[in-house]
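Small disclaimer: the values here were computed from a predicted structure and weren't measured.
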Amino acid sequence: MSTLTYPEAIGVGLLQGVTELFPVSSLGHSILLPAIIGGKIQHDLDMTAEGSPYLSVLVGLHLATALALVVFFYKDWLRIISGLISSIRHRRVETRNEKLAWLLIVSTIPVGIAGLAFEKALRNALGKPIPAAAFLALNGLVLLGAERLKRGGTGRRRAGHAAPVSDEPGLDPAIASDHRLARLGYKQGAWIGAAQILALFPGISRSGVTMSAGILRGLHHEDAARFSFLLATPVIIAASALKVPELFKPENSAVLGPVVAGSIAAFVAGYVSVRFLTKYFETRSLTPFAIYCFVAGVGSAVYLSL
């Protein structure tokens, strides 16, 4: 049975906190890097090994990243939860906060159903280095395709590389972004949310595909990133609720200490990452991440095949 040391847990936590939010696939990197490094690290961080707690450890680290998102967007979540309570109490959907609350719920349903139905089968079949490398390269093509389709004009509003101008001067930028997101139709939101299903394939980035879907539906990069991060939070927390209890089984007691250390690292890395990315996507695009994913995916596949 594999073990998990404190340095390994902290390293994986830092990796997870960054790659979960950057559009480069945390699961893909969590599979590929141990395989590339080899040796004891590959043995300890092998989620397909019988009796390995690595998958449950990763889910615990995902939860820490989700908590970083909650802390960063806590004002948004307070408005969203308030809108949901108000909508239920008054049986209406009138305000922007009420609309955004239900939009997030509707947009989360497709991936929730798909995750329960297919996550285990896909992980067992594809949670290996070569498939992960192939899907990482494909992730790069998806990101690049979204940018090219958007830039070339698809009949929807072009994003450009400048932050959108609020139609309510003086409004806080975060609130203005939420207001723009609330204009999405439920079908549009469900379509963007359903893109998260692709992230069940190791190597496909959850944030990357949801951002790509949002961009193709006419969202600016900044708003697409924000919607992606808001969508990811309940999905990660729900998945954690199913998997994290496995860490408290007697046979996994030895990894609890490292998991706590790794979770702290994942929280810090996640918070720094989301803070950086929300600023980055005000003026920049997915193209650098697309190039990285394609090169890293192809390079990993070639290296691991030799």
Side-chain angles (χ1 to χ4, degrees), residues 1-72 123 127-133 135-136 199 202-203 205-207 232 236-237 239-240 243-277 289 292-293 295-297 299-301 303-304 306:
M1 180 175 176
S2 64
T3 58
L4 186 73
T5 66
Y6 278 90
E8 287 171 345
I10 293 172
V12 172
L14 292 172
L15 175 70
Q16 201 285 321
V18 172
T19 56
E20 176 66 29
L21 302 180
F22 278 68
V24 297
S25 178
S26 63
L27 185 54
H29 280 75
S30 298
I31 293 172
L32 286 172
L33 283 183
I36 291 172
I37 295 171
K40 185 178 183 298
I41 289 179
Q42 182 178 12
H43 176 262
D44 291 347
L45 307 183
D46 182 2
M47 70 175 63
T48 62
E50 185 176 354
S52 173
Y54 186 43
L55 180 61
S56 296
V57 168
L58 284 178
V59 174
L61 300 181
H62 275 70
L63 177 59
T65 308
L67 293 178
L69 288 174
V70 170
V71 171
F72 187 83
R123 185 187 73 240
K128 301 174 179 64
I130 296 300
F135 281 114
L136 183 61
S205 165
R206 183 196 313 276
S207 62
I236 296 173
I237 291 175
S240 301
K243 291 291 185 181
V244 167
E246 294 181 11
L247 287 173
F248 296 95
K249 293 180 178 179
E251 60 266 29
N252 291 331
S253 59
V255 303
L256 289 179
V259 167
V260 171
S263 295
I264 294 172
F267 178 89
V268 173
Y271 187 88
V272 172
S273 295
V274 69
R275 188 179 183 88
F276 169 79
L277 289 171
F289 305 108
Y292 165 78
C293 287
V295 173
S300 297
Y303 177 81
L304 293 170
L306 295 177

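Residue Val244 comes nearest to Gly60 through the heavy atom pair CG2-CA, 4.0 Å, listed as atom of the first residue, atom of the second, then distance. Shortest non-hydrogen contact noted between Tyr6 and Ala261 is CD2-CB, 3.8 Å. Looking at every heavy atom in both residues, Ser240 comes nearest to Pro245 through O-CD, 3.8 Å. When all heavy atoms of Ala301 and Ile130 are compared, the pair lying nearest together is O-CD1, 3.9 Å. Taking each heavy atom of Thr65 and Gly17 in turn, the nearest pair found is OG1-CA, 3.8 Å. Nearest heavy-atom pair across Leu63 and Ile236 is N-CG2, 4.1 Å.
Side-chain contact between Leu61 and Leu15: absent, with no pair of heavy atoms (C-beta onward) separated by less than 4.5 Å. Looking only at side-chain heavy atoms (C-beta outward), Leu45 and Val57 stay at 4.5 Å or farther from each other. At a threshold of 4.5 Å between non-hydrogen side-chain atoms, the residues Val24 and Ser205 do not count as touching. The closest side-chain heavy-atom distance from Leu256 to Val260 is not below 4.5 Å. The shortest side-chain heavy-atom distance between Pro202 and Leu27 falls under the 4.5 Å cut-off.
The CG atom of Leu32 sits 6.5 Å away from atom CG of Leu304, with the distance rounded to the nearest 0.5 Å. Taking CD1 from Ile41 and NE2 from His43, the interatomic distance works out to 13.0 Å, rounded to the nearest 0.5 Å. Here the straight-line distance linking atom CZ of Phe267 with atom CG of Leu69 works out to 9.5 Å at 0.5 Å rounding. In this structure, Ile36 CD1 and Ile31 CD1 are separated by 11.5 Å, a value rounded to the nearest 0.5 Å.
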Does the side-chain contact (heavy atoms from CB on, under 4.5 Å) test come out yes or no for Ser273 and Val18, once each step is laid out? CA-CA 6 Å; Ser273 295; Val18 172; 3.7 Å; yes
Checking side-chain contact (heavy atoms from CB on, under 4.5 Å) for the pair Thr5/Lys40: CA distance, chi angles, key distance, verdict? CA-CA 10 Å; Thr5 66; Lys40 185 178 183 298; 3.6 Å; yes
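Remark: Phe22 pairs with Phe276, Phe289 by the ring-ring contact (aromatic ring centres under 6.0 Å, His included) rule, at least two apart or across chains. The side-chain hydrogen bond (donor to acceptor under 3.5 Å, both in side chains) check on Ser25 picks up nothing, with sequence neighbours excluded. Scored by the ring-ring contact (aromatic ring centres under 6.0 Å, His included) test, His29 finds Tyr292 as partners (sequence neighbours excluded). Under the side-chain hydrogen bond (donor to acceptor under 3.5 Å, both in side chains) criterion, Gln42 pairs with no residue, sequence neighbours left out.
The closest donor-acceptor contact from the side chain of Ser26 to the backbone of Gln16 lies at 3.5 Å or more, if one exists at all.
The list of side-chain hydrogen bond (donor to acceptor under 3.5 Å, both in side chains) pairs with a residue in residues 253-264, not counting sequence neighbours, is empty. Applying the salt bridge (charged side-chain N to carboxylate O under 4.0 Å, His left out) rule to pairs touching residues 17-28 yields Glu20-Arg206, sequence neighbours excluded.
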